[in-house]
Every structure is written in structure tokens, then in C-alpha cells.
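Working notes for the structure below.
Each chain gets a letter, A, B and so on, in the order the sequences are listed, and its residues count up from 1. Nothing here was measured: the structure is a model prediction, and the numbers come from that model.
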Amino acid sequence: MIKKFDKKDEDRSDKTFDALWKSNLIFLLTQSRIFNETPINPRRCLHILTKIIYLLNQGEHFGTTEATEAFFAMTRLFQSNDQTLRRMCYLTIKEMANISEDVIIVTSSLTKDMTGKEDVYRGPAIRALCRITDTTMLQAIERYMKQAIVDKVPSVSSSALVSSLHMVKMSYDVVKRWVNEAQEAASSDNIMVQYHALGLLYHLRKNDRLAVTKMLNKFTKSGLKSPFAYCMLIRIASKLLDETEGGHDSPLFDFIESCLRNKNEMVVYEAASAIVHMPNCTARELAPAVSGHNMLIYYLTALRYAAVRTLNKVAMKHPSAVTACNLDLENLITDSNRSIATLAITTLLKTGSESSVDRLMKQISSFVSEISDEFKVVVVQAISALCQKYPRKHSVMMNFLSNMLRDDGGFEYKRAIVDCIIGIIEENPESKETGLAHLCEFIEDCEHTVLATKILHLLGKEGPRTPQPSKYIRFIFNRVVLESEAVRAAAVSALAKFGAQNDDLLPSVLVLMQRCMMDSDDEVRDRATFYMNVLQQKQKALNAAYIFNGLSVSVPGLEKSLHQYTLEPSERPFDLKSVPLASAPITEQKTELAPVASSKIPEKLAPSRQDIYQEQLASITEFQGLGPLFKSSEPVQLTEAETEYVVRCIKHTFAGHMVFQFDCTNTLNDQLLQKVRWEERPCGVHSWNTV
Amino acid sequence: MDSTSLEPSLYTVKAVFILDNDGNRLLSKYYDPELYPSMKEQKNFERNVFNKTHKADNEISLLEGLTIVYKSSIDLFFYVVGSVQENELMLMSVLNCLFESLSHILRKNVERKCLLDNMEGVFLVVDEIIDGGVILESDPQQVLQKVNYRADENPLSEQSVAQHITEKLALTSNVSHSMTTPSLHS
């Protein structure tokens, strides 16, 4: 029945309608007194419950007392036989489980519904019940859960299986006892029940590799019907292959490969992705996976997207494998979905030839403004790789990159472009002038201090060596006048470098420096004065030491040494040679003592290992009197990797002492090592004293 | 570059939400407790996603390190969110199931007013498709059978006097009915 209303009705209804939905929870609480009326009015109660859930979803808050009151009121609604109302009660129980107290009072009602005759209530009742169950209650309903898992009604079985999965976190031991029932459920005909049973079985057995292998063998032979279950099996198989480092002749690999010929596209895609992600895949193995993807390019947007994304990843490792798809990829460049078009272009950039580069760049520039920042960064990275591959194309690339710099974009995006341009400049001396010119133009209007200082530093390094250094001075000096303190300071340093290298520019630089000495910021004035004095000496050696060469020691090491120096009053001036030289900073830390980098932080140069050890040793009071750390060795394994506990030793050398650091790692999950003792047997003739 | 494959798990959906054409939330459920735990972060995320996707109806996108599949209809936008390593086709099947089921209970009127008028049906449909991040059902026919909801012919906002009286009459007949059937104890 199609409802017709005239315009007047529509306006009026819109206003009352919005007003109703905007009512707050307190008001609804007063309304929930309606729940206590006899007889129950299902429609009105239903509307109130709906609005409560809606407002909770919008972020409105219920205090605990109000929530509990409303919850108690709602329990009366179990007296009604209205199906929708009952279902909404279950939903309310789930939504309010966390904010109301004493929710377990509904347990008996739910248990009754779960074992009752109305099939339509049983599944949802199970799910609601498991949401409010705690460990003690779980034992009480265990019998019902087991029956529900093997129930013939698919919705009941699915609900029980999924709820059991949620409860594994809470009570693994109890749920583990239901594994036989889950096994039986896995032989059901219903595609969702198969999927859920398989998932639960895997979660229960995943620490036991043998059990997982057996399970996998059984299911791959018996031929499930569910595409979801197939996807799950493929993932389990590829994880097993990964762990056991199984070769491509393993039956697991054959299974995954056979899935490439499955009727359902979801399964084909999952199989192709799994193969493509395997670390040691050769091009030959990839071929069927890639052609599977090729097929998918013609289907719906999501399939095209999925296919292109995977081909992109393949192209990173095996570009030759993807060239077969180039023709189809070119068709995707004009796809209406910008993400797909971008991925297609970046894939082509990786696999294309030098002649196609011009054409591709033109096509990208036409739509790059429409894609999101994340994709823009992807495109820039692809161009960066391309620049390294085809250095002769640098002028085309440089033009394109400078256009992109002028457009709007976030910090990550601009940084990627600047890094790319700097990369080109460093590789290609011919491109230096154009590159520097583009960068100068960029810093005229750049809001990111980090980028501006980086570019100024580069200008200082490369500018003096160009045929006409004077043109860069204008750009740099403008920065001194117009920008923030950090940028001004960087500009002063850059200017100094020009003055140091080009004698004919020296007088002009000195004049500009003098103006900088009037700056409002301390750092800028200090730098200007320092450089003025050094430059006025007009000695090459001084220039080299103070203006060109950077700091050769690590900064944290320097800080520690200075701190040490201030603590011990001494007649001698501070000696920079006492600071340990900077070892190459390591970006990835493997020792468990080091800080763990989370995936949300963009790559940051971690302080070198030595500095970290220094910090840690200094925090131990017994070691504070030893002086600065001279050197730390690499960790040496003292036991084999598979024993119950693993011991590594690191030797720290101080001026007059050696500290041995033993890292003892327990590899067994169930045991706790206590009272770890260390015994030493000196076996040499050195006269060492143990402190 | 994600080279690590996904840990096999039934937990495939991280979030699902429905927005109107101003980007306001009509319904949203977040299943991953580590993903945007606070309301503020959630609304922020929804706003970002909306801004990036409402202009072009492109079905799929990668934002903030997550894969998002989406669909729009008249003045509503439907989103399903999963991890970036998740099988996109699986997420699409969830989105399709959601859309088809809603389309049916709203009698093809998949637009804001009709949605809000039948909000209980919408809540029940979402509850039947995804439970705690696990795909419970992917076939719209099955979902509709379980929800068994008829689009409300008389939403609360539309009550005219006649309808109000009819309701009162229905109430009185209900009273006599409940006096004869034993009541359930909670």
C-alpha cells in the first residue's frame, strides 16, 4: 500500500517527527512507565524502546540508576506475545547490558525462550543470554548451549556457535568442552552454520598445530558448500603454510590453487590474494593467480578494486608477472572510481616502459586533485620509484611533481613530493637547477615548518655549487624576513653556507647577516652572530669545521656527556672527543628492552641502540658511578633458540669496568620463572674483580 | 605495504553505519573495541568518511587504514567497514544483504523518513546480519524471514484522531484477550 500525502501533511509530520526523535532519555524514562500498564500496548512500548536504543546510539547518556530502572520496567514487556516487541526487548538487553545493573534477572526468561517452541525467538534469545552471562552462569546454561549448537534449526545453531565464539575470551575452558558439538555442526548443510562451526573449531584449536592440520585435511577433502567457509579454510591453510614454511608442492598449496577455479568469486579472490601474499612465490606460480585477477577486472566495481589492489602488490615484487594485464589496466585508467584508476596507473607505472611514461603522467595529472590524500601518497611513491628506474625522464616528472606541490594537500602528501624531488636532484645533476627552483617556489608559500627547514638546508648544501648561486639568496633571505623562528634560524644557517663557499658573495652575505643579528628570536641572533664572526675570519679551515660539517657525535650521547661534565666540577674544558661517535641509527628495534613502535606512529628515527643502553644503565643506581658508556657489543646468544628459556648476553664497556647484561626470555606460556640466579666461573687469567 | 596476511578469524566486520545526506548518524555499530572507542572519535570518523565519499558514488574506498564499502540511495548512505586486509567481496556481500533487506522492509522507499519511521525493523535487520563483528547471515531472504517485520503503516508521527480512536478500541479487545490467556512470568 503506497501512502500518498499532500505537501501540508508532509511539512507538519516532519516537524513532529523530528521533535519526537530529539526527545531526550530522561523524558523517555518517564514514558517508560507505560511499560507498567496493563494490558501492555505493544506499539507504544515498541516505539519507546526504539527511541531509547536510537538515542543511546546517538551518544546520549543514561546514568546507572536510570538505566537500571528502565531495564526493570522493560522486563515486564516479556508478558506480551508481540514478536517484534520481544525481539526489541532482546536488543535492549544487549544494548543496556553494560550500563544497567543486575541484568541477570532476565536470565530465566531468556532461558525459557531459548528452549521454547517459538523458533523465531530461540536464536536471538541465545545471543542476548550469552551477552549477559558471566563465568559462573555459563556452567548453568552449558547443557542448553550444547543442545543449541547441534540443533536442526540453522538460526539456532548459528546463534549458539557465534555466541560460543564470543565467550571463548571469557571462559576458554568451558567452551572447549563443546568442541564435539561444534564438530557435528560443521557437517550441517547450511552454509552459514558450516562457516560458524569452522570458525569456532579453529579458534578453539589454533594453538595446536597438529589438530588444525587434521581439521584442515578433513574439510578440504569433504568439500564444503559455503563460500565463507572456503575463505576461512584458505586463510587457515596459508597461515599454516607460512608457519611451517611449506613449499609449493604441499597439499595445502594445491588446495588453495584449486580454489582459484571455484564458482564463487569471493573464493577465487581470496585464493588469489593468498597466493600473491606468499613470500616465496615465483612468477610461474603467480600466473594462474594473476589471470584469475584479470578475469575479475571486468566485473563490479568492488571486484575491479580488489583485483587492481592485488595486482598492484604483485607488481611491487614481480613486475614482469603483471605485464600480461597491462592492456586491461589501461582501460581502467578512465574508471569512474578514482581509487581504482589510481591503483591502475601506479601498477602501470611499475610495469610500463619508458615510452609510456609521458602518456601516463598526463593522464594522472588530470584527476589527481580528485583522489584522497592516501592515494596521492601512493601515486607519489610510484613516481619516485619510476624516477629511479628511468632517470632520463626527470624533466617530465619534475614538472608533474611541481604541479602537484602547488595543489592542496596534507602534510604527508607534500612531504612525499618533496622527498621525491630531493631524490631526483640527488640522482641527477642535470635536474638540480630545475628542482631547486621548484622547491624555492614551494617554500614561498609553505605552511609546514619541517618541510621549509629541510628545503632550506638542502639549498644551503647544493645552492653554492650551482653556476648562479645569487638567485637563491633572495629566496632564503625572504624566509628570514617573513617566517617563523625555526625557519628563520634554518635560513640563517643556509645563508652562512653561501657566504663560506662563494667569496664574491661574502660581502653581501655579511650585510644580510648583520640584519639578522637584530632578530627578535634568541636562536636566530645567536646563529647570526656566530656565523658573522666565523665568516669575518675568512679562513677556510674554520669555515669547514663550523659551517659545513654537521655534528659527528650522537645527540643523546652528547647530552649525557654534558650532563656528566656539569656534575663533576673540573678545571679542564669540555672535550668533544669524550663523547662516543654516533653509530648509525637503527630504525627497527628487535631487543625486547627497546621501545615498541606501534603501527600508528609514522617512521621515526629511533635513538641508536647504544643511547638506549646508556639510558637504561644510568637509571640503575649501582652503575651511576661508572662514568660514560664507551661501547656496547651486539647481543650474543648463549643458548639455542628452542630451549625453554633463552639467554642473551650484552657486554657494556666503561672506562674502568665491564658490565654484563643477561637477557633471559621465557619461551613457554604456562610457566613463570622465579628466583633466577647467575653463577660465574672465571676461566681466564685476567685480574678482574666482580663488584 | 601490508605483506602480513590476516589471522584467520570470524571477526570480519569492524563497523557498520547509516548516515543521512548531511552526514548525520542514523544508526551505527562498532564491533571492534580498539577501533574508535569513544563517541567523539566515532563521530569524527563518520564525518571524515562522509566527506570523502558522498560526492562520488564509487562503492569502495580506503580511508584511515580501513577498507570501506558503501552504497547510497536517495538521501541515505550505507557503510560497512573492515580491516584493510579483509576480503573486500565479503564486505560487499554484507553491504548488499543489508541494503536488500532494508529495501524490502521499507517497501523500496529507502529514504530517511521511511527509515526513521521503521527504525525497529532496521535495528533488527542489522542485528540479524552481523553479531559482534561476525557475519551471521548473508542471504536477504533468510534475514527477512527471521525479522518478520512489516513496514509500519501507522507511524507514531502520523496519528490522526481516527487512528488514535481505533487504537483505543484495539486496546480494549486486548484486555479481554489477556484475561483469558495465562500471563508469562518474567
Would you mind checking which part of [X] comes under 4.5 Å of any heavy atom in chain A, side chain (CB onward), backbone (N, CA, C, O), both or neither?
{"X": "B/Met90", "value": "both"}
{"X": "B/Thr67", "value": "side chain"}
{"X": "B/Ser138", "value": "both"}

What part of [X] gets closer than 4.5 Å to chain B, counting heavy atoms only: side chain, backbone, both or neither?
{"X": "A/Leu233", "answer": "neither"}
{"X": "A/Tyr195", "answer": "both"}
{"X": "A/Arg87", "answer": "both"}
{"X": "A/Gln381", "answer": "neither"}
{"X": "A/Pro124", "answer": "side chain"}
{"X": "A/His196", "answer": "both"}

I need the residue from [options] with the largest number of non-hydrogen atom pairs under 4.5 Å to chain A.
{"options": "B/Leu91, B/Asp127, B/Val134", "value": "B/Asp127"}
{"options": "B/Lys43, B/Gln42, B/Lys108, B/Lys40", "value": "B/Lys43"}
{"options": "B/Val122, B/Leu27, B/Leu26", "value": "B/Leu26"}

I'd like to know if the side chain of [X] and the backbone of [Y] have a donor-acceptor N/O pair within less than 3.5 Å.
{"X": "B/His104", "Y": "B/Glu100", "result": "no"}
{"X": "B/Asp75", "Y": "B/Arg112", "result": "yes"}
{"X": "A/Asn190", "Y": "A/Val193", "result": "yes"}
{"X": "A/Thr50", "Y": "A/Leu46", "result": "yes"}

## Note on the structure
Ranking A/Lys94, A/His166, A/Glu270 by heavy-atom pairs under 4.5 Å to chain B gives rank one to A/His166
### Query
Looking at A/Thr84, A/Leu77, A/Leu91, which has the largest count of heavy-atom pairs under 4.5 Å with chain B?
A/Leu91
### Query
Could you state the interatomic distance from CE (B/Met119) to CG (B/Leu116), rounded to the nearest 0.5 Å?
6.0 Å
### Task
Sort by residue number and list every member of residues 16-25 of chain B having a non-hydrogen atom under 4.5 Å from chain A.
B/Arg25
### Task
Tell me, with the steps shown, if B/Tyr79 and B/Thr53 meet side chain to side chain donor-acceptor pair (under 3.5 Å).
CA-CA 10 Å; B/Tyr79 299 87; B/Thr53 57; 2.9 Å; yes
### For B/Val84, the option from B/Leu63, B/Leu62, B/Leu66, B/Ile68 that meets side-chain contact (heavy atoms from CB on, under 4.5 Å)
B/Leu62
### Message
Under 4.0 Å between a side-chain nitrogen and a carboxylate oxygen: does that hold for A/Arg43 and B/Glu120?
### Response
no
### Aromatic ring proximity B/Tyr31/B/Tyr11, centre distance under 6.0 Å
no
### Candidates A/Arg127, A/Arg122, A/Arg86 - the one meeting salt bridge (Lys or Arg N to Asp or Glu O under 4.0 Å) with A/Asp113
A/Arg86
### Query
So A/Gln83 and A/Tyr121, side chain to side chain donor-acceptor pair (under 3.5 Å) or not? Walk me through it.
CA-CA 8 Å; A/Gln83 256 188 32; A/Tyr121 289 157; 5.4 Å; no
### Query
Under the 6.0 Å and 45° cation-pi test, does B/Lys71 pair with B/Phe99?
yes
### Task
Measure the acute angle between the ring planes of B/Tyr36 and B/Tyr30, then classify it against the limits of 30° and 60° as parallel, tilted or perpendicular.
perpendicular
